[in-house]
Amino acid sequence: YNAASITFNTDMNELFFHRKPLKDGSDNIYTMKLLDGKWTEPKLSSFSTSIEYLELHPRLNPSGVRFYFGSRRPRQEGKESTGLRQWYVEKNNGVWGEPRLLLPTLFESEWIMCVYPSTSGNLYFTSKAKEDKMEDEANHYAINRNGKYDSIIRMDDMVNNSGIWKAHPYIAPDESYI
């Protein structure tokens, strides 16, 4: 297997990552738990059960109750996939819910990946317009305004300097560094 994008829960006793079989198959999100001082074997996460669609780059919000990930799953059951989109699940009573599409209207014309949330709910991610070249890819953010996001803002050249693969931002929970 190839594995990447590890993220831990707030108690540091559960981790999530995506992995792909070396030969055939798709990336999916797996979890492991720390029980009695030992990590359990990797198990497919409850919300990443389809091996048909790519699912990757898991990220937990700082409180550990919202989980973001990228997926090529279709927007609606029985429809074709329209490309990589960002999804999230929420934890209620210790159980992860059903995946929901993240901000479908705001991100309609954008390609985004690796959403990283701050404590305030602001979102940091990699983005580019679908028609842009890879060298146009850059790090962006969206400001949380009372639970709503109205625009995507490209970070300045201090973060997005020249070259390609300006991607996968990590933001401190309090946004004191990136």
Side-chain angles (χ1 to χ4, degrees), residues 1-73 83-103 107 111-128 134 137-142 144 155 159-160 163-178:
Y1 289 96
N2 288 324
S5 295
I6 295 171
T7 189
F8 287 86
N9 69 351
T10 55
D11 295 330
M12 301 296 288
N13 61 7
E14 185 174 17
L15 66 87
F16 298 87
F17 60 97
H18 75 256
R19 78 176 187 183
K20 178 181 178 162
L22 291 176
K23 294 189 179 191
D24 295 326
S26 181
D27 289 65
N28 282 94
I29 298 171
Y30 288 77
T31 185
M32 297 170 67
K33 293 183 180 186
L34 185 62
L35 299 174
D36 299 322
K38 294 184 180 182
W39 288 101
T40 61
E41 289 295 314
K43 177 179 142 188
L44 199 58
S45 295
S46 62
F47 50 85
S48 182
T49 57
S50 174
I51 58 171
E52 186 178 349
Y53 302 109
L54 171 82
E55 298 195 328
L56 71 171
H57 300 307
R59 302 283 190 265
L60 277 164
N61 73 341
S63 65
V65 296
R66 186 177 266 201
F67 189 97
Y68 298 88
F69 63 100
S71 178
R72 289 189 187 269
R73 66 178 58 211
L84 183 64
R85 300 274 180 204
Q86 294 301 297
W87 296 75
Y88 70 94
V89 293
E90 292 183 331
K91 189 180 249 187
N92 291 305
N93 298 320
V95 178
W96 292 110
E98 291 298 312
R100 297 180 190 171
L101 190 59
L102 177 65
L103 306 173
F107 295 137
W111 172 87
I112 69 163
M113 63 186 270
C114 293
V115 169
Y116 216 103
S118 69
T119 302
S120 68
N122 295 336
L123 303 175
Y124 294 80
F125 48 89
T126 302
S127 181
K128 71 177 186 67
M134 284 309 289
E137 176 183 80
N139 292 300
H140 294 70
Y141 62 98
N144 177 10
M155 290 182 209
V159 172
N160 291 311
I164 60 172
W165 304 111
K166 300 172 293 275
H168 305 205
Y170 172 85
I171 187 77
D174 66 359
E175 299 175 81
S176 61
Y177 64 86
I178 185 166

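Given the structure is predicted, the values throughout are model-derived calculations rather than measurements.
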Chemist: What closest approach, in Å, do Asn122 and Asn144 show between heavy atoms, and which atom pair accounts for it?
Modeler: OD1-N, 2.7 Å
Chemist: Can you give me the closest heavy-atom contact between Thr10 and Gly64, atom names plus distance?
Modeler: CG2-N, 3.9 Å
Chemist: Are any side-chain N or O atoms of Asn61 and backbone N or O atoms of Val65, one a donor and one an acceptor, separated by less than 3.5 Å?
Modeler: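 Side chain of Asn61 to backbone of Val65: a pair is present.
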Chemist: Search all heavy atoms of His18 against all heavy atoms of Leu56 and return the closest pair with its distance.
Modeler: ND1-CB, 3.4 Å
Chemist: Determine, stepwise, if the pair Thr119 / Asp174 fulfils side chain to side chain donor-acceptor pair (under 3.5 Å).
Modeler: CA-CA 6 Å; Thr119 302; Asp174 66 359; over 6 Å; no
Chemist: Among Tyr141, Tyr170, Tyr124, find the one that has a ring pair (Phe, Tyr, Trp, His ring centres under 6.0 Å) with Tyr116.
Modeler: Tyr170
Chemist: Under the side-chain contact (heavy atoms from CB on, under 4.5 Å) criterion, do Ile178 and Val159 qualify, and how do the steps go?
Modeler: CA-CA 8 Å; Ile178 185 166; Val159 172; 4.2 Å; yes
Chemist: Decide if the gap between the ring center of Phe69 and the ring center of Phe47 is smaller than 6.0 angstrom.
Modeler: yes
Chemist: Decide side chain to side chain donor-acceptor pair (under 3.5 Å) for Ser127 and Glu137; before the verdict, give the C-alpha distance in whole Å, the side-chain angles of both, and the deciding distance to 0.1 Å.
Modeler: CA-CA 6 Å; Ser127 181; Glu137 176 183 80; over 6 Å; no
Chemist: Could you tell me if the side chain of Gln86 sits less than 4.5 Å from the side chain of Met113, heavy atoms only?
Modeler: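 Side-chain contact under 4.5 Å: yes.
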Chemist: As an exercise, state the distance from OG of Ser71 to CG of Asp27, rounded to the nearest 0.5 Å.
Modeler: 10.5 Å
Chemist: Do Tyr68 and Pro58 touch side chain to side chain, with heavy atoms closer than 4.5 Å?
Modeler: no
Chemist: If you look at every heavy atom in Pro169 and Cys114, which pair is closest and at what distance?
Modeler: CD-O, 4.3 Å
Chemist: Answer yes or no for Arg73 and Trp87: cation-pi contact, defined as NZ/CZ to six-membered ring centre under 6.0 Å and angle to ring axis within 45°.
Modeler: yes
Chemist: So do the side chains of Ser118 and Pro62 get within less than 4.5 Å of each other, counting heavy atoms only?
Modeler: no
Chemist: Can you tell me how far the CD1 atom of Ile112 sits from the NE2 atom of His57, to the nearest 0.5 Å?
Modeler: 12.0 Å
Chemist: Which heavy-atom pair separates Ile29 from Glu55 by the least distance, and what is that distance?
Modeler: CG1-O, 4.0 Å
Chemist: Evaluate the criterion side-chain contact (heavy atoms from CB on, under 4.5 Å) for residue pair Thr31 and Glu14; output intermediate values, then yes/no.
Modeler: CA-CA 7 Å; Thr31 185; Glu14 185 174 17; 3.0 Å; yes
Chemist: May I have the step-by-step check of side-chain contact (heavy atoms from CB on, under 4.5 Å) for Thr40 and Met32, ending in yes or no?
Modeler: CA-CA 5 Å; Thr40 61; Met32 297 170 67; 4.0 Å; yes
Chemist: For Pro42 versus Phe17, what's the shortest heavy-atom pair and its separation?
Modeler: CB-CZ, 3.9 Å
Chemist: Measure the CG-CG distance between Leu15 and Asn9 for me, rounded to the nearest 0.5 Å.
Modeler: 8.5 Å
Chemist: For a 4.5 angstrom cut-off between non-hydrogen side-chain atoms, does Arg85 reach Arg72?
Modeler: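 A side-chain contact under 4.5 Å is absent here.
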Chemist: CG/Leu123 to CG/Leu102 distance, rounded to the nearest 0.5 angstrom?
Modeler: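 One finds 6.0 Å between CG of Leu123 and CG of Leu102.
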Chemist: Do Arg19 and Tyr30 form a cation-pi contact, if we require the NZ or CZ to be under 6.0 Å from the six-membered ring centre and within 45 degrees of the ring's axis?
Modeler: yes
Chemist: Report yes or no: does Asn160 contribute a side-chain atom to a donor-acceptor pair with the main-chain N or O of Met155 at less than 3.5 Å?
Modeler: yes
Chemist: Using the six-membered ring of Tyr88, assess whether NZ or CZ of Arg66 lies under 6.0 Å from its centre and within 45 degrees of the ring axis.
Modeler: yes
Chemist: Can you check whether Phe16 reaches Ser45 side chain to side chain, under 4.5 Å on heavy atoms?
Modeler: yes
